[in-house]
Structures are given as C-alpha cells and as structure tokens.
Amino acid sequence: MLVINAGSIRKAEAQSKTDSLLVLSQAALSNSWSLSANPIFLRGTAVPAFAQLGASAQLTSGGFKRPQDFKRQLNFGFGATGLSKVKDWLFFGSFAYGKNYRDSIRYANVANPYQGNPFVTGDGVGGNWRGDGLDASLQLIMPKTGRWQAGLKLDYSTQQNARDNDPKPLNRLLSYAVQPSVAYKFSPNHTLSILAGYSFMDEAVETGYYSDQNPIIYSIRGYGEFTAGPVVTAQRFTKGQGYQLGADYLYKNKVELLFGARFGRQTQDVSDGIAKPIFVGSFDEHKGEVFALFTSGPEKQGFAASAKAWFRNGTGFDPIFNAINPAFYFSGLDAKVSYWKKRDRDLLIFAFYPALSYTNYYEGIAKTNWTSVMLNQDAGFSIIKPFSKKTTFSGELKLGYHFNLQKDIVVNRPTQLSPVLVAPHYRFASADYLKGAADVGLTFQASSLSYQLKMGIDRIQATDLGSRNNANLSLNLIF
C-alpha cells in the first residue's frame, strides 16, 4: 500500500469531488485513518461527502493454493459506500452483497478453514460450492466536546454456503464487531486516542443428506490428528467472542506522525449435535500489533514511511487428550516507503514495501512441527492522469518476489491426513514465487454524476507449484 498524507490532498477536494475520491481510492494510499482503522481520525482526513454505488465481478483460479482452498472461484456482487456530514456529525458506511461459486474444495465444510480454529470438518470427496454473503460497516464520529472526541465503528457480516454433491454440507456464518473510541486533544498538534473492541461469531455446519456412497466425514483436530466415520446426518457448531484494546498517538503539524498499538484475544468453543451437544474442543488466540506512520512534504511532493510489527498465537484444547494439542505462532514485520509528486491534477506515486514473516505449526499427538520464514520484496507505482476536464485515467502496477529464508518440517507420527493437508500446506507456505499486478480505471464526469470503470489482473507464479491468477472488473456510479 502506498502512502500519502491528508494535507497533500486537501486542495484536490476543492478542485473536484471526483478527483479527491480518485486520490483516496488508490490502493496505493494510507493515512492515519486507514492505517489505524480508528474512526476518530476520519475528521482530519480530506474526504468529501459522497455516495458510490457499484457492481463487480471477480475470477480467481490456479493450482498454487493451500490444500483446503478452492481451485477456482467466481464472484458477482454489488454494494454502496458513502460519507455524510450532518452538522458536526460524520457518518461513513458501506454495504456489499456477493454471490460466489467455488470449485474443487476438499476436507473443508466450514466457511473459512484457515481462520485459525483447528477443529473443522470435511470429507475427501470434495466438490463445488455456491454461496451468498452480506457485509456492512458503519463509522460514526460525534461532535467535539471541548478537547474530547468520540467515535464508534460497527461491522456486520453473514454468509451461507452449500455444496452441490453428496453429502451436501451446508454452513452458515454470522459475525459482528463493535469498537468505541475516544480521543483527547492536548494541543492543536497532539492527540491521544483510546479504543476497545468486542466481536462475536456463530457458525453452523450441517450435513443432512443421505448418500449411498456412505462418505467418510473427518473431524480434524489439529495438523494431522483426526477422528472419522461414515455419516448420514451431522451438525457442528462453533461460537466465539473476542476482545481488543488499543491506543493511538497522533502528532500533526508540517509533518504527520502516528504511533499505535492493538492487543486482543478471541476464544471459540466447538460442539457436535443439537439435543445432547458433545464438546469437541476449544480454540484460544492472542494477537497484537504495533505500528508507526510518518509523512512529510508539501502539496506538490512528499515522502512517507510506515512500519507494523504483529503476532498471532493460537492453541487448541482437545478433550480426548485433556490437553492442548495443536498450536500455531505467526509473526511479521511489514514496512512501506513511498514518494509522490503532484502537478495540477496529475499524481505519480512510487513505493517499495518489504515484509518479513514467520510461520510455525505444531501438534503434539501427530508429532508435527513445521516452520517457514519468508522475505517479501514488492515495488510499484500509481498514477492519476486527466485526459480532459471530464475524463481521468488511473492505474497501478506492482511487481514483487517472495522467497524463503528458512524452512523445516518434521512429522514423526504421520496420519492419513499428513500427506494430504500438512505437507501441501507447508510446501505452499515455504514456496518461492513471483507476483505481478496491474489495475487501470477510467472515470467519466457528467454533470453532478461520475461513472468509473475499473479492471485489474494479478498473477502469482511459484517456482515448482504452479500459478494463481485473479481478474476483476467493476463499474461505479459516484455522486
């Protein structure tokens, strides 16, 4: 993600609402609001009041994937985004509905087998899925009270997915999150913000269609360990909640300097059956991040740098063994350095973003322990170029090389699923690959309305494991 400070785009807002939104919508941009996800900082960002309606389509395919991921996915959707200013109140909201078709998924009957919880169900038959999803978000920024400022962020998501073939599993997932925040302005240049968050999720997986094939359903309990048996009907329920605390400090004068930290925990309990639920296991995850952002420069040109260090540590308690069996630890350091130059309505941004990540999966029963350390080096540039007063071109090109620094795998007590799920996941996470992406867009202005057509492609080419391709197309109406 490229970085630009809010001060450098304030005059763009005076030129045109469309021009200002084009700058802000670049995948290349970041500021205190977008980096921290703290609604308090929306007031200091030059976002004009607007409304946007749009429709999109996306196609993803290729064999370079994790073993429980789809091989091909087609998405269609529509949505709306907007910012409204009512006196001293600010409202920023979004809504999106999507329909997806996913092919060749095996050993995963849950909505997201890689969200962290190791207790998932699936079968080796696999098949094609179709589903619907709805996502909504609202950020509310209240009027200032002296030096105090309050904000609220609400997120809601629901989806339902079903497989076409026997035993025709179905999953339903509901989640929401609430994040209040408050800020105190010590002086015109210094602001301190405190935030808290609560999240909830509820997923149900049902397998209720009789099949002559007597399919084997695997209750996966870690990274190799499982229980299995033929099934006619089955129900799996997962409920969880999470908590988060955070703080941000913002200095804003001729330069902008942001420091932030987030720490949180989530727990999930898994059970089978309705009349007499059977406890399957529990998942416990701790996570945190610290980040910093620096931007400097006048309106015509500027420099920005940001960095984020993060970790996730998850464990699974298995009642069969009355102990913690699977565990994972992820950590990383992401950095971004960028330079931009602006002339009239033209904008050119160059960026370089290295990243270092560490991945470790461990399971005591199957004696599985694997590690991968990856170094990512990506670079790119973005442009906004008006063709005329009413037509503007925007584009972004990104190239990168991701390579492994260290990898190691040990499976001392392999199971039937070790070569099917564990080894392929390890090969994916430790593979060297090239990555390229290109996005272009045209915006046409007609009276008070603007029409925006965008399309993009990206490709990942692994050394020995094939490729992964993605293409997307969208049409938006801005007013």
Side-chain angles (χ1 to χ4, degrees), residues 66-69 106-124 169 171 201-205 207 216-229 231 234-242 264-273 276-288 311-331 357-373 407-430:
R66 296 171 295 188
Q68 292 167 285
D69 280 334
R106 301 177 66 203
Y107 298 101
N109 292 344
V110 297
N112 183 4
Y114 292 106
Q115 57 94 3
N117 192 332
F119 299 99
V120 302
T121 63
D123 61 79
N171 64 60
M201 65 83 63
D202 186 355
E203 182 177 32
V205 179
T207 304
I216 301 298
I217 299 296
Y218 293 84
S219 179
I220 301 171
R221 315 186 73 87
Y223 316 122
E225 186 62 27
F226 67 93
T227 56
V231 66
Q235 299 85 27
R236 166 65 60 91
F237 300 97
T238 303
K239 293 181 182 292
Q241 56 185 349
R265 179 189 182 189
Q266 69 161 329
T267 58
Q268 297 178 8
D269 290 328
V270 184
S271 62
D272 284 343
K276 294 182 179 180
I278 300 173
F279 179 54
V280 174
S282 62
F283 170 64
D284 190 355
E285 178 184 10
H286 295 79
K287 56 185 177 181
F311 79 91
R312 291 179 59 192
N313 184 20
T315 58
F317 176 81
D318 194 325
I320 292 180
F321 310 104
N322 196 32
I324 292 175
N325 180 34
F328 67 77
Y329 183 80
F330 310 148
S331 61
S357 63
Y358 171 87
T359 301
N360 174 256
Y361 283 92
Y362 171 81
E363 190 200 300
I365 304 303
K367 301 297 182 183
T368 298
N369 190 358
W370 68 263
T371 300
S372 174
V373 180
K407 59 182 178 179
D408 180 64
I409 184 170
V410 176
V411 185
N412 285 331
R413 192 178 295 166
T415 70
Q416 180 181 341
L417 294 185
S418 296
V420 177
L421 299 182
V422 178
H425 190 187
Y426 164 74
R427 289 194 295 269
F428 171 87
S430 59

Item to check | L421 vs Q68, side chain to side chain contact (heavy atoms under 4.5 Å, CB included): CA-CA, chis, key distance, verdict | outcome: CA-CA 7 Å; L421 299 182; Q68 292 167 285; 3.8 Å; yes
Could you pull out the closest heavy-atom pair between [X] and [Y], with the gap in Å?
X    : Y    : answer
P424 : P419 : CD-O, 3.4 Å
N325 : G364 : OD1-N, 3.1 Å
V411 : S418 : CG1-OG, 3.9 Å
F279 : D269 : CE1-OD1, 4.4 Å

Residue list, salt bridge (charged side-chain N to carboxylate O under 4.0 Å, His left out) with [X], at least two apart or on another chain:
X    : value
K239 : D202
R66  : D69
R427 : none

Reported [atom1]-to-[atom2] distance for the pair [X] and [Y], which is rounded to 0.5 angstrom:
X    : Y    : atom1 : atom2 : result
I278 : D272 : CD1   : CG    : 6.5 Å
N117 : N112 : CG    : CG    : 10.5 Å
Q115 : Q266 : CD    : CD    : 6.0 Å
S372 : F428 : OG    : CZ    : 10.5 Å
Q268 : F119 : CD    : CZ    : 10.5 Å
T267 : D284 : OG1   : CG    : 6.5 Å

Side chains of [X] and [Y]: closer than 4.5 Å at any heavy-atom pair?
X    : Y    : value
D123 : N109 : yes
Y362 : F328 : no
W370 : D408 : no
Y107 : P67  : no
V270 : F237 : no

Item to check | Residue pairs, two or more places apart or on separate chains, that pass salt bridge (Lys or Arg N to Asp or Glu O under 4.0 Å) and touch residues 358-371 | outcome: none
Checklist entry - Mind checking whether F311 and Y329 have parallel, tilted or perpendicular rings, split at 30° and 60°? => result parallel
Checklist entry - Should E203 and V110 be marked as a side chain to side chain contact (heavy atoms under 4.5 Å, CB included) after you check the CA-CA gap, both sets of side-chain angles, and the distance that decides it? => result CA-CA 8 Å; E203 182 177 32; V110 297; 3.7 Å; yes
Item to check | Results of side chain to side chain donor-acceptor pair (under 3.5 Å) for N360 - residues two or more places apart only | outcome: N369, T371
Checklist entry - For the side chain of N171 and the backbone of V205, is there at least one donor-acceptor N/O pair under 3.5 Å apart? => result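 The answer is no, because no donor-acceptor pair under 3.5 Å joins these two groups.
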Taking distance alone, no hydrogens or angles, what donor-acceptor pairs closer than 3.5 Å link side-chain atoms of residues 219-228 to residues at least two apart or in another chain?
unit_1: S219; atom_1: OG; unit_2: R236; atom_2: NH2; d: 2.9
unit_1: R221; atom_1: NE; unit_2: D318; atom_2: OD1; d: 3.4
unit_1: R221; atom_1: NE; unit_2: D318; atom_2: OD2; d: 2.9
unit_1: R221; atom_1: NH2; unit_2: V280; atom_2: O; d: 2.9
unit_1: R221; atom_1: NH2; unit_2: D318; atom_2: OD1; d: 3.0

Checklist entry - Any salt bridge between R312 and E285, counting N to O under 4.0 Å? => result yes
Item to check | Pair Y358 + F330: ring centers closer than 6.0 Å | outcome: no
